[in-house]
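Count residues from 1 along the sequence.
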Amino acid sequence: MAGIKDVAAEAGLSVATVSRVLNGHPSVSEDARRRVTDAVERLGYRPNAVARSLRTDQTRTLGLVISDVMNPYFTELARSVEEEARALGYSVIIGNADERPGLQDHHVTALLDRRIDGLLVSPTDGGSPGMLGAARAGTPMVFVDRWIPGVDVPVVRSDGRAAVRDLVAHLHALGHRRLAIIAGPAATTTGRERVDAFREALAAHGLELPDAYIGQGDFQAGSGRRVTEGFLDLAEPPEAVFAADNLMALGALDAIRARGLRVPDDIGLAAFDDIPWFVHTDPPVTAIAQPTGELGRAAVRALADRIEGRTGASVTLPARLVVRRSCGEPASPESPSPVRRSTP
């Protein structure tokens, strides 16, 4: 394998000059930079990242701890993080917390041991000890999607309140009055925020959210099935169910079909976190879409700012309602409005 001395010999320059070129030193001439670049390409030289990190105290590596790699939302988020990091000259190591605080701490500790330059985290709860310790120790960190109130870390997230209001107004216009929610974990900010937004949106239409219409889920499909089965067992089941994430919505769809019922003929279904699969279900699922790619890219830029000594500002982007046909919508925008199925 070629080393820096081989590159210097190939380029006809000193080792010191080659080192300055590889480390981006501004005092190098364009001719020297070109000769080193050409020699590197011809020899297939790869700088030793470990040795370079010892000199610069940087590894050009970021850590990303996501809540659940099986959730398509987080898969897309991770992809956008990796793409933006690569564009800025960073590599990314990913840890999957699987919605478990203990596993989250394991990944945080392992990543810090690898001397990452900064950490992106979507917290699984209100603050596991390892993650809180890393934040308080001054580790460059950015929360993405979820956050922990009171921790002085930039937050990159979407605001879904307006989209939830749009969803409830949409369901109300379709004639639905008995509306239920499959909530995410109360220990997460997104879990609490989506229930609060749903309740507030219902109140704006003079509707209540009875305890029986709030099912506690965990952002995974099994809880969506379990909660929906409970809704269907009620003496007066809801007319439409809002799942606070995509996996719980898929679980709800399984439960509805297992009872021999149809969406939306027997019960409407909507979800937070749009995913590509929803256009292929029968019927396609009405959902709230987050700007996932933009969130991932913004989070990396905010973290790079923190690493490089700049402030690293929080970013909030709007979510939006995507209307399809799982709540009793007409087949096309030109079709007449559906018949109302209940009265206030």
Side-chain angles (χ1 to χ4, degrees), residues 61-78 81-82 92-158 160 181-196 214-227 243-251 272-273 290 292 295-296 299-300 302-303 306 312 314:
T61 304
L62 308 180
L64 170 63
V65 181
I66 55 177
S67 305
D68 183 4
V69 74
M70 295 299 290
N71 187 321
Y73 166 78
F74 286 111
T75 304
E76 183 181 350
L77 183 74
V81 164
E82 193 279 330
V92 179
I93 302 175
I94 300 175
N96 172 36
D98 200 27
E99 300 290 359
R100 289 187 282 165
L103 187 53
Q104 174 178 268
D105 272 359
H106 166 78
H107 288 305
V108 168
T109 300
L111 289 167
L112 293 176
D113 287 346
R114 288 174 176 266
R115 303 181 66 249
I116 57 168
D117 295 335
L119 190 60
L120 293 166
V121 183
S122 178
T124 61
D125 65 350
S128 55
M131 188 183 58
L132 290 176
R136 290 165 182 158
T139 303
M141 185 182 294
V142 170
F143 290 146
V144 58
D145 183 63
R146 308 174 188 176
W147 67 100
I148 300 176
V151 178
D152 186 19
V153 169
V155 179
V156 176
R157 68 184 187 93
S158 69
I181 183 170
I182 307 173
T188 63
T189 47
T190 49
R192 297 191 300 272
E193 184 180 70
R194 291 169 194 175
V195 173
D196 291 344
I214 305 174
Q216 190 61 60
D218 60 5
F219 286 145
Q220 296 185 341
S223 67
R225 284 192 296 271
R226 172 180 49 77
V227 170
D245 93 320
N246 49 53
L247 293 183
M248 294 193 299
L250 292 173
F272 204 105
D273 283 342
Q290 299 194 71
T292 314
L295 291 173
V300 172
L303 183 56
R306 298 277 283 189
S314 294

Trace of the side-chain contact (heavy atoms from CB on, under 4.5 Å) decision for D68 with Q220 | CA-CA 9 Å; D68 183 4; Q220 296 185 341; 3.5 Å; yes
After noting the C-alpha distance and the side-chain angles of F143 and T189, does the key distance pass the side-chain contact (heavy atoms from CB on, under 4.5 Å) rule?
-> CA-CA 11 Å; F143 290 146; T189 47; over 6 Å; no
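Taking 4.5 Å as the limit, every side-chain heavy atom of V69 sits out of range of all side-chain heavy atoms of I94. Counting heavy atoms from C-beta outward, Y73 and L295 have side chains that approach closer than 4.5 Å. Two residues are said to be in side-chain contact when any heavy atoms from C-beta on lie closer than 4.5 Å; F219 and T190 meet this criterion. A heavy-atom distance below 4.5 Å is not found between the side chains of P140 and D117. Side-chain contact between P72 and L247 is present, with at least one heavy-atom pair separated by less than 4.5 Å. Residues N96 and M70 form no side-chain contact, since every pair of their non-hydrogen atoms from C-beta on lies 4.5 Å or further apart. For the pair R114 and I93, the minimum side-chain heavy-atom distance is below 4.5 Å.
Every pair passing salt bridge (Lys or Arg N to Asp or Glu O under 4.0 Å) that includes a residue from residues 138-147 is listed here, sequence neighbours excluded: E99-R146.
Between P123 and Q104, the shortest heavy-atom contact is CA-OE1, 3.4 Å. The nearest pair of heavy atoms linking G217 to V227 is N-CG2, 4.4 Å. The shortest heavy-atom contact between G184 and A244 is N-CB, 4.0 Å. The shortest non-hydrogen separation linking V195 to A183 is CG2-CB, 3.3 Å. Of all heavy-atom pairs between A97 and T124, the closest is CB-CG2, 3.6 Å.
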Side-chain donor-acceptor contacts of residues 147-158 below 3.5 Å, not counting sequence neighbours, with atom names and distances?
residue: R157; atom: NH1; partner: E193; partner atom: OE2; Å: 3.2
residue: S158; atom: OG; partner: Q290; partner atom: OE1; Å: 2.3

Show me the donor-acceptor pairs within less than 3.5 Å that the side chains of residues 131-139 make with the rest of the protein, sequence neighbours left out.
residue: T139; atom: OG1; partner: A134; partner atom: O; Å: 3.0

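Partners of S122 by side chain to side chain donor-acceptor pair (under 3.5 Å), not counting sequence neighbours, listed by chain and number: S67. Residues that satisfy the salt bridge (charged side-chain N to carboxylate O under 4.0 Å, His left out) test with D196, not counting sequence neighbours, are absent from this structure. Residues satisfying the salt bridge (charged side-chain N to carboxylate O under 4.0 Å, His left out) criterion with R100, sequence neighbours excluded, are D98. Under the salt bridge (charged side-chain N to carboxylate O under 4.0 Å, His left out) criterion, E76 pairs with no residue at all, not counting sequence neighbours. For V300, the side chain to side chain contact (heavy atoms under 4.5 Å, CB included) partners at least two apart in sequence or on another chain are L62, V81, E84, A85, L88, L120. For R226, the salt bridge (charged side-chain N to carboxylate O under 4.0 Å, His left out) criterion is met by no residue, not counting sequence neighbours. The side chain to side chain donor-acceptor pair (under 3.5 Å) test applied to N71 returns D245, N246, not counting sequence neighbours. Remark: T292 engages no residue in a side chain to side chain donor-acceptor pair (under 3.5 Å) (not counting sequence neighbours).
For the atom pair L64 CG and L119 CG, the distance stands at 8.5 Å (nearest 0.5 Å). To the nearest 0.5 Å, atom NE2 of residue H107 and atom CG of residue L112 are 13.0 Å apart.
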